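Encoded as structure tokens, the structure appears first; notes follow it.
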Protein chains: 2
Amino acid sequence: MALPSGPTAPSSTAEAVLFELVDDYDRAYESAAEQLSLTAAQACVLGRLHERRGMGSLAEELGCDASNITQLVSRLEAVGLVTREPDPSDRRARLVKRTRRGHAVNRRFEEAFAFGRTAVSRLTDAEQQQLTFLLKKALG
Amino acid sequence: MALPSGPTAPSSTAEAVLFELVDDYDRAYESAAEQLSLTAAQACVLGRLHERRGMGSLAEELGCDASNITQLVSRLEAVGLVTREPDPSDRRARLVKRTRRGHAVNRRFEEAFAFGRTAVSRLTDAEQQQLTFLLKKALG
DNA sequence: TATTGTTATACTCTATAACTATA
DNA sequence: TATAGTTATAGAGTATAACAATA
């Protein structure tokens with residue numbers, strides 16, 4: 001199930017279109033990950049490794065438990081997409097970073113996950129600015 | 001991890017705001033379900049039972065395997081939120097429907113999941129119409 | 001023979017609790 | 001004593017394959 005789907009909403013309100021957007025977005029994310037033999041969670045972690053960083057920092061950003069990150073990073077390491085190295089400044093800590101293949105796979109994932117790009121590209125520049133404004137306001 | 005998160009996007013573009021929206025939406029959905037001791041998938045199934053319907057129909061709508069629906073419905077049945085009854089017109093099939101408690105819990109879920117309502121309510125009527133137009137266009 | 005749904009199985013995500021090593 | 005990360009474990013989502021009952 002690619003969902004979280006929302007409650008059954010009337011078909012043409014802003015709320016309903018919002019739901020459709022989220023649903024499509026989530027499915028596209030899952031699908032792009034699958035094309036690269038990744039799960040959504042793995043693609044997500046890989047995408048956050050722009051620079052070398054600690055496990056705790058990842059857990060905090062992703063809002064999940066540290067033990068979860070341990071497992072996800074272990075899987076990514078097992079398939080050669082990331083490495084863990086000791087943190088010279090704190091011997092308890094470990095720094096995760098992408099391997100060369102990890103970089104390549106992440107790049108291909110970003111290409112495959114075209115949902116946001118494609119959606120935005122259907123709008124004119126002025127419309128994109130409007131949309132940004134409206135969504136920011138809606139998010140409070 | 002409440003995510004699917006998107007690739008690291010520039011901070012203020014339409015694409016970035018889109019990502020933020022999806023992320024917030026998904027987390028809010030998860031959180032609302034949790035308040036009712038449901039998982040997101042369970043809340044999702046429960047929400048699709050406006051009327052009595054077959055397992056296969058659910059699987060198709062949710063885009064997942066039938067065996068998955070079997071398990072989810074079994075859990076909901078085990079906690080008394082849905083029942084399965086034989087389909088009089090096809091003895092292979094079974095019809096799922098909410099119990100009274102299932103209705104009540106679903107109603108409380110929809111109240112708890114205020115994300116879409118709240119977001120839309122921050123916009124004027126004209127802005128809501130604009131947003132609907134822009135999102136529909138962006139979705140193609 | 002095809003279809004509806006279930007069961008068995010396996011993999012992944014996720015959290016909690018207990019643990020190790022270090023600060 | 002507190003913190004970074006791991007391990008063990010358990011519950012849940014998900015799919016595949018094999019199966020039963022019915023069409």
Side-chain angles (χ1 to χ4, degrees), chain A residues 1-5 26-27 29-31 33-34 36-48 52-79 81-97, chain B residues 1-5 26-27 29-31 33-34 36-48 52-79 81-97:
Chain A
M1 203 152 31
L3 298 198
S5 80
D26 286 343
R27 290 184 197 261
Y29 193 95
E30 190 94 25
S31 165
E34 198 178 356
L36 291 152
S37 305
L38 297 172
T39 64
Q42 288 164 3
C44 177
V45 169
L46 195 60
R48 301 310 174 91
R52 204 170 65 151
R53 61 192 296 193
M55 310 285 287
S57 141
L58 274 169
E60 192 180 3
E61 181 173 345
L62 301 182
C64 72
D65 193 82
S67 63
N68 192 9
I69 296 295
T70 294
Q71 195 177 206
L72 290 167
V73 167
S74 297
R75 297 228 171 90
L76 289 171
E77 193 177 34
V79 293
L81 299 182
V82 308
T83 56
R84 270 183 282 215
E85 40 191 57
D87 182 339
S89 72
D90 182 345
R91 277 156 52 198
R92 296 170 301 179
R94 310 179 71 176
L95 297 171
V96 195
K97 65 173 197 183
Chain B
M1 204 152 27
L3 300 197
S5 80
D26 286 342
R27 289 183 199 260
Y29 194 94
E30 190 94 24
S31 165
E34 198 177 356
L36 291 153
S37 304
L38 297 172
T39 63
Q42 288 165 1
C44 178
V45 168
L46 195 61
R48 301 308 175 91
R52 204 169 65 151
R53 61 192 296 194
M55 311 284 286
S57 141
L58 274 170
E60 193 180 2
E61 182 173 344
L62 300 182
C64 71
D65 193 83
S67 63
N68 192 9
I69 296 295
T70 295
Q71 194 177 208
L72 289 168
V73 168
S74 297
R75 296 231 171 89
L76 289 171
E77 194 178 33
V79 293
L81 299 182
V82 308
T83 55
R84 268 182 284 213
E85 39 190 60
D87 182 339
S89 72
D90 182 343
R91 278 156 54 200
R92 294 169 303 179
R94 311 178 71 176
L95 297 171
V96 195
K97 65 173 197 182

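All values reported here derive from a predicted model rather than from experimental measurement. The chains referred to below are lettered A, B, ... by the order of the sequence lines, with proteins before strands, and numbering in each begins at 1.
Not one side-chain nitrogen or oxygen of B/Asn68 sits closer than 4.0 Å to the OP1 or OP2 atom of D/dG13. The side chain of B/Arg84 places an N or O atom within less than 4.0 Å of a non-bridging phosphate oxygen (OP1 or OP2) of C/dT6. Under 4.0 angstrom from either OP1 or OP2 of D/dG13 there lies at least one side-chain N or O belonging to B/Arg75. Remark: B/Arg94 is in phosphate contact with C/dT6, judged by side-chain N or O atoms under 4.0 Å from OP1 or OP2.
Here the side chain of A/Arg53 pairs a donor or acceptor atom with the backbone of A/Arg48 at under 3.5 angstrom.
Scanning all heavy atoms of the two residues, the minimum distance from B/Leu95 to B/Gly54 falls at CD2-N, 3.8 Å. Nearest heavy atoms, A/Thr70 versus A/Met55: CA-CE, 3.6 Å. The heavy-atom pair separating A/Leu62 from B/Arg27 by the smallest distance is O-NH1, 3.9 Å.
Nearest to the side chain of B/Asp65, among D/dA15, C/dG5, C/dT12, sits D/dA15. Among C/dC13, D/dT6, D/dA12, the nucleotide with an atom closest to any side-chain atom of B/Gln42 is D/dA12. Comparing C/dC13, C/dT6, C/dT3 by their nearest atom to the side chain of B/Arg92 picks out C/dT3. Among C/dG5, D/dG13, C/dT22, the nucleotide with an atom closest to any side-chain atom of B/Met55 is C/dG5.
Protein atom CG of A/Leu72 is 12 Å distant from nucleotide atom P of D/dT6, rounded to whole Å. When the P atom of D/dA12 is taken as reference, atom CD of B/Glu77 falls 16 Å away, rounded to whole Å. The distance between atom CG of A/Leu95 and atom P of C/dT22, rounded to the nearest whole Å, is 16 Å. Going from atom CG of B/Asp26 over to atom C1' of D/dG13 covers 15 Å, rounded to whole Å. For A/Glu61 and D/dA4, the CD to P distance is 16 Å, given to the nearest whole Å. Rounding to whole angstrom units, CZ of residue A/Arg91 and C1' of D/dT3 are separated by 15 Å. The nearest whole Å value for the distance from the CG atom in B/Leu76 to the C1' atom in D/dA12 is 12 Å. At whole-Å resolution of the value, CD in A/Glu30 and P in C/dC13 are 10 Å apart.
In the model, A/Ser74 has a side-chain atom that pairs as donor or acceptor with a side-chain atom of A/Arg84 under 3.5 Å.
Counting non-hydrogen atoms under 4.0 angstrom, A/Asp87 reaches nothing in the nucleic acid. Note on B/Thr70: a base of the nucleic acid sits closer than 4.0 angstrom, heavy atoms only. Within the 4.0 angstrom heavy-atom criterion, only backbone atoms of the sugar-phosphate kind lie near B/Thr39; the bases stay farther away.
In terms of position along DNA chain D, the nucleotide closest to A/Gly54 lies nearer the 5' end than the nucleotide closest to the other residue of the pair A/Gly54 and B/Ser89. Sequence order on DNA chain D of the closest nucleotides to A/Ser74 and A/Ala93 puts A/Ala93 first from the 5' end.
Applying the 3.5 Å distance criterion, the base of C/dT12 shares no donor-acceptor pair with the side chain of A/Gln71. Put simply, the side chain of A/Ser67 and the base of C/dT14 share no donor and acceptor less than 3.5 Å apart.
Contact check for B/Arg75 versus B/Gln42: side-chain heavy atoms found under the 4.5 Å cut-off.
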